[in-house]
Undergrad: 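Sending over a structure as structure tokens; questions will come in a sec.
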Amino acid sequence: MRGKARSLAVGLAAAGLVGHLPAVASAAGNVSSIEWKACTGESVPAGMRCAAVEVPLNWADPGGKKIALDVARLPATDPDRRIGSVLHVPGGPGAKGIDDLKRSGDDLAELRQRFDLVGYNPRNTDLQAKLPASCMRPALTHLSEPRDRVEYDAQAAKLAKAMSRCHAEDRSGLYGQLDSLSVARDMEAIRAALGERRLSFMANSYGGVPAAAYMRLFPQRIRAMYLDGVINQPAGWPSQHLLAARSQEQAFARFTTWCAATTACALHGEDAGKIWRGLTARADRTPIPVTSAEFGKGKLTGSHLRWFGFIADPGPGHTRWLAFADAVDKARHGDGSGFAESALGNSRVWTMPLALGMTCADDRGYTGYAQYEKVRRQVRKISPNFGGAAFDALTCAGWPLPVTNPSRPLPTRGLPPVLGAGTWGDHPWTDSLVRGIPGSTTIRYEGPGHVLYLSGNRCATKHATRYLTDLRLPPAGTVCLPAQEPGR
């Protein structure tokens, strides 16, 4: 056994998957090359252990420069019945999986009985400390929805120039190595370092993109996979934008129905939908001047309002919808202050090369003006209240580096059945991915929100725990209701 452990550890090191760590036996009898130590810092749950796994900066050059990924583990509380490990794949992109594990460990206590819960911080976390200042500077003072090919090309060129400068000034080598195929290979390195022959996964939000890449690259290494509120990148971003437009229209219909029945709504007694459409149309013709305490002066176009103005989740006591209705009422009278922070802030962040470097290589941008116009026409037919271009596809239209993770159909041969879950807004995305994998199913939560298991949703977590533990899927059409969440 010692000789076998030594040969595996040497093999992993030669492949550039892990650092020079001593091989130890895992609870499942496999070989782990991770040296766990007590975690330090704030809000560390009892028993959490931390380590680092070394991976190549560039997976095309496994013998080259290495980077270290922080990893944490909450060991199974019933080690005699331990099945293996569940790796949490965080969203964002850029979210810290270890922080997610700290916050959600208690909600996943039943799952932890039979599994080690493992979280990690992907290579795209803490980029502000790793990339040059030019990567944090917005490429545009004003993100717009171009009216013609000249405007489209000019905006894409400005974005490309900013991203090229970020890439040229980056001494870390990370910029251009943040795509989800690289993240998926990092996940495989963690699996190998854990010593698990096959691994179980819980992925959420943008974490579904590297999860899909992992399914493409390493289907034989997946024991089970739970996907919560994820995007279907293999189907292409335009298809997901169309699904989002339908969901947004449904959410807006809920808002107008609520407003019509709620005297506290600032638009009560009027046609709220008509007022909104009139406001965005006027702002397209004559942008609304605004001043933000954080972001300075700017102008709100109809596109800004459609992109960043409405929140589908009403919030506790419908506070978000109350604020939205008040902002619309003020904006139609020339005061756009209720939208200034969100619109100007998002426009700023989404034109920063740092943010774009995490997503554009995943084929997020339009291929050119022709596709941009085609998608705009399609979305306008579906969504009279929010129809138009996708802001994230517009900002990635200037991506100057290779699209290393192109959208293409996901091979399903060798994949186990997976479980999906989604709320009103993200169920269509998740289900579009999950239903393409034979034998799989998606839970629908009849309510707002995003990422059910990280928000402590007991119904979804119960189904996920049963599936990950016993590999039993709930029946097709299973629904979770808000009434099943007492006290939440």
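The structure presented is a predicted model; accordingly, all values stated were derived computationally and were not measured.
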Undergrad: Is the number of heavy atoms from other residues, nucleotides or ligands under 6.0 Å of R348 CZ greater than 12?
TA: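 No, the 6.0 Å shell around CZ holds no more than 12 heavy atoms from other groups.
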Undergrad: Could you check L199 against F201 for side-chain contact (heavy atoms from CB on, under 4.5 Å), going step by step and ending with a plain yes or no?
TA: CA-CA 7 Å; L199 201 57; F201 298 86; 3.8 Å; yes
Undergrad: Taking the side chain as every heavy atom from C-beta outward, state whether K37 and C50 have any atom pair closer than 4.5 Å.
TA: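 A side-chain contact under 4.5 Å is absent here.
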Undergrad: Does CD in E446 sit with more than 12 non-hydrogen atoms of other residues, nucleotides or ligands closer than 6.0 Å?
TA: yes
Undergrad: Distance only, no hydrogens: is a donor on one side chain within 3.5 Å (strictly under) of an acceptor on the other, for Y206 and D362?
TA: yes
Undergrad: For residues S200 and R223, is any side-chain donor paired with an opposing acceptor at under 3.5 Å?
TA: yes
Undergrad: Side-chain contact, heavy-atom cut-off 4.5 Å: K65 with N58?
TA: no
Undergrad: Could you tell me if S172 and D170 have a donor-acceptor pair between their side chains, going purely by distance under 3.5 Å?
TA: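 Per modelled atom types, D170 and S172 side chains form a pair under 3.5 Å.
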Undergrad: Between D116 and A76, what is the shortest heavy-atom contact and its length?
TA: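 So the minimum-distance heavy-atom pair works out to OD1-N, 2.8 Å.
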Undergrad: Counting only N and O atoms by type, is there a donor-acceptor contact under 3.5 Å from the side chain of N121 to the main-chain atoms of I98?
TA: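 Checking the backbone N and O of I98 against the side chain of N121, a donor-acceptor pair under 3.5 Å is found.
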Undergrad: Against F115, only a single residue in T465, L108, V86 fulfils side-chain contact (heavy atoms from CB on, under 4.5 Å); can you say which?
TA: V86
Undergrad: Have R472 and T469 got a donor and an acceptor in their side chains that come within less than 3.5 Å?
TA: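 Judged by distance alone, the side chains do not pair up.
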Undergrad: Which residues satisfy the side chain to side chain contact (heavy atoms under 4.5 Å, CB included) test with P219, sequence neighbours excluded?
TA: L415
Undergrad: Tell me yes or no: between the side chains of T423 and D426, is some donor less than 3.5 Å from an acceptor?
TA: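 The answer is yes; a qualifying pair exists.
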Undergrad: Regarding R254 and the six-membered ring of W424, is the cationic atom NZ or CZ under 6.0 Å from the ring centre and inside 45° of its axis?
TA: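 So R254 does make the cation-pi contact.
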Undergrad: Calculate, to the nearest 0.5 Å, the distance between atoms OG1 and CG belonging to T395 and L356 respectively.
TA: 4.5 Å
Undergrad: Heavy atoms only: give me the nearest C39-M48 pair and the separation to one decimal.
TA: SG-CG, 3.3 Å
Undergrad: Could you walk me through whether E169 and S134 pass the side chain to side chain donor-acceptor pair (under 3.5 Å) check?
TA: CA-CA 8 Å; E169 295 180 356; S134 60; 2.7 Å; yes
Undergrad: Minimum heavy-atom separation for P75 and G47, please, with both atom names.
TA: CD-O, 3.3 Å
Undergrad: Is there a ring-ring contact (aromatic ring centres under 6.0 Å, His included) between Y467 and Y226 once you walk through the steps?
TA: CA-CA 8 Å; Y467 160 68; Y226 170 64; 7.5 Å; no
Undergrad: Looking at G439 and L473, what are the two nearest heavy atoms and their distance?
TA: O-CD1, 3.0 Å
Undergrad: Between S347 and A343, is there a donor-acceptor pair closer than 3.5 Å when you use the side chain of the first and the backbone of the second?
TA: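 Yes: the side chain of S347 pairs with the backbone of A343.
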Undergrad: Under 30°, 30 to 60°, or over 60°: which ring-plane class applies to H304 and W307, parallel, tilted or perpendicular?
TA: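 Perpendicular: the ring planes of H304 and W307 meet at over 60°.
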Undergrad: Hey, can you pull the donor-acceptor pairs under 3.5 Å for the side chains in residues 308-316, sequence neighbours left out?
TA:
from	atom 1	to	atom 2	distance (Å)
D313	OD1	G315	N	3.0
D313	OD2	R320	NH1	3.4

Undergrad: Which atoms form the tightest heavy-atom contact between L454 and S104, and what is the distance?
TA: CD2-OG, 3.3 Å
Undergrad: Give a yes or no answer on whether the side chain of S407 reaches the backbone of P234 with a donor-acceptor pair at less than 3.5 Å.
TA: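 Absent.
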Undergrad: Could you tell me if D179 and S182 have a donor-acceptor pair between their side chains, going purely by distance under 3.5 Å?
TA: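 On atom types as modelled, these side chains qualify, holding a pair under 3.5 Å.
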Undergrad: Any side-chain heavy atom of L143 within less than 4.5 Å of one from F391?
TA: yes
Undergrad: Please confirm whether the backbone N or O of P353 pairs with a side-chain atom of Y175, one donor and one acceptor, at under 3.5 Å?
TA: yes
Undergrad: Show the numbers, then the answer: is there a side-chain contact (heavy atoms from CB on, under 4.5 Å) between N204 and V89?
TA: CA-CA 7 Å; N204 74 82; V89 187; over 6 Å; no
Undergrad: Side-chain contact, heavy-atom cut-off 4.5 Å: I34 with L194?
TA: yes
Undergrad: Are the side chain of R123 and the backbone of Q177 linked by a donor-acceptor contact shorter than 3.5 Å?
TA: yes
Undergrad: Could you walk me through whether D470 and R466 satisfy the salt bridge (charged side-chain N to carboxylate O under 4.0 Å, His left out) test, starting with their C-alpha distance in whole Å, then the side-chain angles of each, then the deciding distance to 0.1 Å, before giving a yes or no?
TA: CA-CA 6 Å; D470 301 328; R466 182 183 298 123; 5.7 Å; no
Undergrad: Under a plain distance cut-off of 3.5 Å, with no hydrogens placed, do S292 and E341 share a side-chain donor-acceptor pair?
TA: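 Yes.
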Undergrad: Just by modelled atom types, is the R198 backbone N or O under 3.5 Å from a matching donor or acceptor in the Q220 side chain?
TA: no
Undergrad: Are K96 and D126 ion-paired here, with the side-chain N under 4.0 Å from a carboxylate O?
TA: yes
Undergrad: Is the side chain of S239 donor-acceptor paired with the backbone N or O of G236 at a distance under 3.5 Å, no angle test?
TA: yes
Undergrad: Looking at V183, is its backbone amide N or carbonyl O close enough to the side chain of S180 to form a donor-acceptor pair, meaning the two atoms are under 3.5 Å apart?
TA: no
Undergrad: Output the distance between atom CG (L227) and atom CD1 (I443), rounded to the nearest 0.5 Å.
TA: 11.0 Å
Undergrad: Tell me yes or no: between the side chains of Y453 and H88, is some donor less than 3.5 Å from an acceptor?
TA: yes
Undergrad: With E196, which of R73, R82, R221, R191 fulfils salt bridge (Lys or Arg N to Asp or Glu O under 4.0 Å)?
TA: R82
Undergrad: Run the salt bridge (charged side-chain N to carboxylate O under 4.0 Å, His left out) check on R246 and E249 step by step: do they pass?
TA: CA-CA 5 Å; R246 291 190 180 95; E249 280 295 314; over 6 Å; no
Undergrad: Counting C-beta onward and ignoring hydrogens, is there a side-chain heavy-atom pair between W237 and C396 closer than 4.5 Å?
TA: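 No, every pair of side-chain atoms sits at 4.5 Å or beyond.
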Undergrad: Grab the two heavy atoms, one from P428 and one from L243, that are nearest each other, plus how far apart they are.
TA: O-CD1, 3.7 Å
Undergrad: Does the side chain of H241 come within less than 4.5 Å of P238's, by heavy atoms?
TA: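 Sidechains of H241 and P238: no contact.
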Undergrad: Hey, is the main chain of V55 close enough, under 3.5 Å, to the side chain of R185 for a donor-acceptor pair?
TA: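 Side chain of R185 to backbone of V55, a donor-acceptor pair under 3.5 Å: no, none is there.
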Undergrad: Quick one: does W59's side chain get under 4.5 Å of L181's, heavy atoms only?
TA: no
Undergrad: For Q128, look at atom CD and say whether over 12 heavy atoms of other residues, nucleotides or ligands are found less than 6.0 Å away.
TA: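 At most 12 heavy atoms, drawn from other residues, nucleotides or ligands, come within 6.0 Å of this atom.
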Undergrad: So does D106 have more than 12 non-hydrogen atoms from other groups sitting under 6.0 Å from CG?
TA: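 Counting other residues, nucleotides and ligands, CG of D106 stays at 12 neighbours or fewer.
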Undergrad: Can you confirm whether R81 sits close enough to D78 that some side-chain heavy atom of one is under 4.5 Å from a side-chain heavy atom of the other?
TA: yes
Undergrad: Side chains of S205 and H450 only: does a donor on one sit below 3.5 Å from an acceptor on the other?
TA: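 A donor-acceptor contact under 3.5 Å links the two side chains.
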Undergrad: Output yes when a side-chain donor or acceptor of N124 lies under 3.5 Å from a complementary backbone atom of L178, and no otherwise.
TA: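 Pair absent, no side-chain N/O of N124 close to backbone of L178.
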Undergrad: What is the distance from atom CD of Q240 to atom OG of S247, rounded to the nearest 0.5 Å?
TA: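 With rounding to 0.5 Å, CD (Q240) is 10.0 Å from OG (S247).
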Undergrad: Between CG of L111 and CE of M202, what distance do you get to the nearest 0.5 Å?
TA: 6.0 Å
Undergrad: At what distance, to the nearest 0.5 angstrom, does CE of M352 lie from CG of L127?
TA: 12.5 Å
Undergrad: Which distance, rounded to the nearest 0.5 Å, do you find between the CE of M163 and the SG of C360?
TA: 5.0 Å
